[in-house]
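Structure record follows, encoded as structure tokens.
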Amino acid sequence: MPNKVVGGCHCGNIRFTLRGDVPVTDWAARFCGCGFCTRHGGLYASHPSAELEVSIYDSDELGIYRFATASADFCFCRKCGVLTYLTCEIDGALLGLVNMNTLDERPAAFTRAPVMSYEGEDEDARIARRKKNWIPKVTIRLTSRDRPVD
């Protein structure tokens, strides 16, 4: 698996590119065991060297859901319903996480990832975990299929 992978939602409204210093197969993958992520096939992996670039073709079709602590945006496509990525702002920086089940070519090793539970985690521990583990460089572009939208 290369150091650059691509993926997105089923209909193509949301596309993303992940880049890192190491192959994606070397990233620590984990399933989230919460009810929402289980229902959406939430399989996540990240690396401190990673960069995430998201392109959204029709921003009116971007759905954002917040639950529990309302500290992260779960971003999905309203056209096809696929949960593609999450974002969280910490100390003025946008951090992200990608549902690796939405990669165009998902590494087979990820299917053996452990299931994690973050129930009962206090806010300080949650923020510290995200600062340490989530993708530190996230760019979100609103585009049209012909040209970027300003």
Side-chain angles (χ1 to χ4, degrees), residues 1-107 109-110 113-118 121-143 148-149:
M1 179 68 57
N3 295 357
K4 174 185 166 186
V5 294
V6 295
C9 69
H10 186 258
C11 72
N13 184 50
I14 300 171
R15 296 293 299 160
F16 63 81
T17 302
L18 279 173
R19 292 178 185 85
D21 291 345
V22 298
V24 171
T25 51
D26 292 346
W27 297 9
R30 63 239 178 240
F31 286 99
C32 179
C34 81
F36 183 81
C37 290
T38 298
R39 285 172 176 81
H40 287 276
L43 170 62
Y44 307 105
S46 58
H47 192 274
S49 74
E51 296 179 14
L52 169 63
E53 183 178 306
V54 179
S55 294
I56 302 166
Y57 293 100
D58 184 349
S59 60
D60 289 340
E61 296 297 335
L62 174 66
I64 296 175
Y65 180 66
R66 285 186 162 194
F67 71 102
T69 63
S71 60
D73 290 335
F74 290 73
C75 302
F76 63 95
C77 179
R78 289 183 178 161
K79 287 182 180 181
C80 65
V82 174
L83 170 67
T84 50
Y85 69 98
L86 292 71
T87 59
C88 173
E89 188 173 327
I90 300 174
D91 299 332
L94 187 62
L95 307 178
L97 204 56
V98 169
N99 182 351
M100 303 306 268
N101 278 325
T102 64
L103 289 177
D104 290 350
E105 295 181 32
R106 185 184 66 176
F110 283 177
V115 176
M116 306 300 290
S117 173
Y118 302 109
E121 183 179 54
D122 69 30
E123 186 175 348
D124 289 340
R126 187 171 304 244
I127 297 300
R129 175 177 50 81
R130 289 178 181 166
K131 283 172 90 169
K132 178 182 176 191
N133 295 328
W134 282 32
I135 299 165
K137 185 175 180 187
V138 177
T139 304
I140 300 185
R141 292 194 176 137
L142 303 180
T143 66
V149 175

Between [X] (side chain only) and [Y] (backbone N and O only), is there a donor and an acceptor less than 3.5 Å apart?
X: Asn13; Y: Cys77; answer: no
X: His47; Y: Ser49; answer: yes
X: Arg15; Y: Gly7; answer: yes
X: Asn99; Y: Asn101; answer: yes

Please give me the minimum heavy-atom distance between [X] and [Y], naming the atom from each residue.
X: Thr84; Y: Cys9; result: CG2-N, 3.5 Å
X: Val138; Y: Leu95; result: CG2-C, 3.6 Å
X: Pro23; Y: Asn3; result: N-OD1, 3.0 Å
X: Tyr44; Y: Val98; result: CD2-O, 3.3 Å
X: Cys80; Y: His10; result: SG-N, 3.4 Å
X: Trp134; Y: Thr87; result: CZ3-C, 3.9 Å

So does Arg66 have more than 12 non-hydrogen atoms from other groups sitting under 6.0 Å from CZ?
yes
Nearest 0.5 Å please: distance from the [atom1] atom of [X] over to the [atom2] atom of [Y].
X: Leu97; Y: Arg30; atom1: CG; atom2: CZ; answer: 5.5 Å
X: Thr38; Y: Leu43; atom1: OG1; atom2: CG; answer: 11.5 Å
X: Cys11; Y: Arg78; atom1: SG; atom2: CZ; answer: 13.0 Å

Below 4.5 Å, heavy atoms only, C-beta onward: do [X] and [Y] meet side chain to side chain?
X: Leu86; Y: Asp73; answer: no
X: Phe76; Y: Val82; answer: no
X: Trp27; Y: Leu18; answer: yes
X: Ile56; Y: Phe16; answer: no
X: Val5; Y: Glu105; answer: no
X: Ile140; Y: Leu94; answer: yes

Applying salt bridge (Lys or Arg N to Asp or Glu O under 4.0 Å) to Glu53 and not counting sequence neighbours gives Arg141
Please state whether the rings of Tyr65 and Phe36 are parallel, tilted or perpendicular, taking 30° and 60° as the class boundaries.
parallel
